[in-house]
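No experiment lies behind these values; they were computed from the predicted model shown.
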Amino acid sequence: WAAESGAGARARSDPATAQITEYPLEGVRGGPHLLAWRDGEIWFGLREARAFGRFDTRTGRATLYPLERHQPYSIAASADAVWISVFGALRLLEVDPGTGSVRVHELADVPVTPFGGGPEAHEPMRRWRGEVRRILAADGGVWFTDFVRTRLVRYDAAVTGMQSWESLEPEGGTYGIARSRRGLVW
């Protein structure tokens with residue numbers, strides 16, 4: 001599966017036949033930005049349209065959910081939620097996959113503990129002037145990259161706390177994130 005942002009569609013490639021099937025989103029401004037897989041459904045963000053959606057791969061039906069004041073950026077699925085980062089903000093959206101209802105997590109005032117402690121230990125995120133970019137749901141938390149502060153951060157909604165790791169390249173603009181088969185976050 002792939003997001004075709006310019007075409008306003010999702011596409012599926014069949015490796016056996018090399019055939020590509022497109023699934024357009026009718027009447028939507030812009031296309032899906034990123035995709036997340038969860039239980040046979042593809043979840044996607046529509047940044048320009050200020051919405052997110054889910055596409056049922058069994059029925060071919062898409063359901064869209066408007067977001068009045070949020071531009072979705074990155075998206076990740078966990079066992080019990082779909083998580084969306086908000087473009088240009090210190091905010092995560094937690095989506096109930098059954099209902100599509102959204103819970104907003106404002107991260108600006110959440111205490112952050114840098115890995116190993118240090119002078120910024122337990123400082124609120126807003127003092128960092130960070131920005132959530134790419135996200136990954138793993139280990140009961142949401143991992144994200146802070147592009148402005150060049151850090152990798154793990155948010156735990158259950159305890160409302162975060163841990164951070166400084167990038168090896170402080171001027172690099174930490175952006176991408178992935179998880180290995182062994183559970184390591186890169």
Side-chain angles (χ1 to χ4, degrees), residues 1-3 5 32-39 41-47 52-54 65 67 70-98 100-186:
W1 290 93
S5 293
H33 189 59
L34 293 170
L35 307 175
W37 177 266
R38 186 181 185 284
D39 296 334
E41 296 178 326
I42 295 185
W43 290 79
F44 53 92
L46 297 161
R47 196 171 98 192
F52 68 94
R54 97 169 118 198
Y65 302 91
L67 295 167
H70 307 293
Q71 283 186 296
Y73 192 75
S74 186
I75 192 164
S78 69
D80 49 353
V82 173
W83 292 87
I84 300 171
S85 68
V86 177
F87 184 72
L90 286 170
R91 187 174 301 127
L92 289 172
L93 307 178
E94 179 183 6
V95 179
D96 179 320
S101 63
V102 176
R103 179 178 168 208
V104 178
H105 294 261
E106 296 289 351
L107 304 180
D109 292 319
V110 175
V112 180
T113 304
F115 184 72
E120 295 174 325
H122 306 288
E123 291 287 333
M125 187 79 167
R126 115 184 88 163
R127 296 217 23 204
W128 288 20
R129 304 177 94 94
E131 181 180 321
V132 177
R133 285 287 174 105
R134 302 288 192 194
I135 61 174
L136 169 75
D139 305 328
V142 179
W143 293 80
F144 64 87
T145 57
D146 178 347
F147 184 73
V148 176
R149 294 283 302 193
T150 64
R151 291 180 181 267
L152 176 65
V153 182
R154 182 181 182 277
Y155 173 63
D156 187 335
V159 298
T160 315
M162 292 189 275
Q163 288 182 301
S164 76
W165 291 262
E166 192 170 341
S167 173
L168 295 176
E169 178 55 55
E171 303 298 320
T174 306
Y175 192 76
I177 189 170
R179 184 174 181 208
S180 74
R181 288 186 180 156
R182 292 186 4 211
L184 301 174
V185 176
W186 294 85

Sequence-distant partners of E41, side chain to side chain donor-acceptor pair (under 3.5 Å), two or more places apart: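 By the side chain to side chain donor-acceptor pair (under 3.5 Å) rule, E41 matches no residue at all.
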
Any residue meeting side chain to side chain donor-acceptor pair (under 3.5 Å) with D96, in chain and number order, not counting sequence neighbours: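 Not a single residue meets the side chain to side chain donor-acceptor pair (under 3.5 Å) criterion with D96.
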
State whether the side chain of S85 and the backbone N or O of S74 hold a donor-acceptor pair below 3.5 Å, judged by distance alone. yes

Quick one: closest heavy-atom pair of Y65 and G100, and the distance? CE2-CA, 3.7 Å

Shortest non-hydrogen contact between V86 and Y73, atoms and distance: C-CB, 4.4 Å

Verdict with supporting geometry, L67 and L93, side-chain contact (heavy atoms from CB on, under 4.5 Å): CA-CA 10 Å; L67 295 167; L93 307 178; 3.9 Å; yes

Could you measure the distance from the CH2 atom of W43 to the CZ atom of R54? Nearest 0.5 Å is fine.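 Rounded to the nearest 0.5 Å, the CH2-CZ separation comes out at 4.0 Å.
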
Let me confirm one number: the CD-CD1 distance from E94 to I84, rounded to the nearest 0.5 Å.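 Between atom CD of E94 and atom CD1 of I84 there are 11.0 Å.
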
List for me each residue that meets salt bridge (Lys or Arg N to Asp or Glu O under 4.0 Å) alongside R38, sequence neighbours excluded, and say none if there are none.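 Counting only residues at least two positions away or on another chain, R38 forms no salt bridge (Lys or Arg N to Asp or Glu O under 4.0 Å).
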
Aromatic plane relationship, Y155 with H105 - under 30° parallel, 30 to 60° tilted, over 60° perpendicular: perpendicular

Candidate pair F52 and V82, rule side-chain contact (heavy atoms from CB on, under 4.5 Å), full reasoning: CA-CA 11 Å; F52 68 94; V82 173; over 6 Å; no

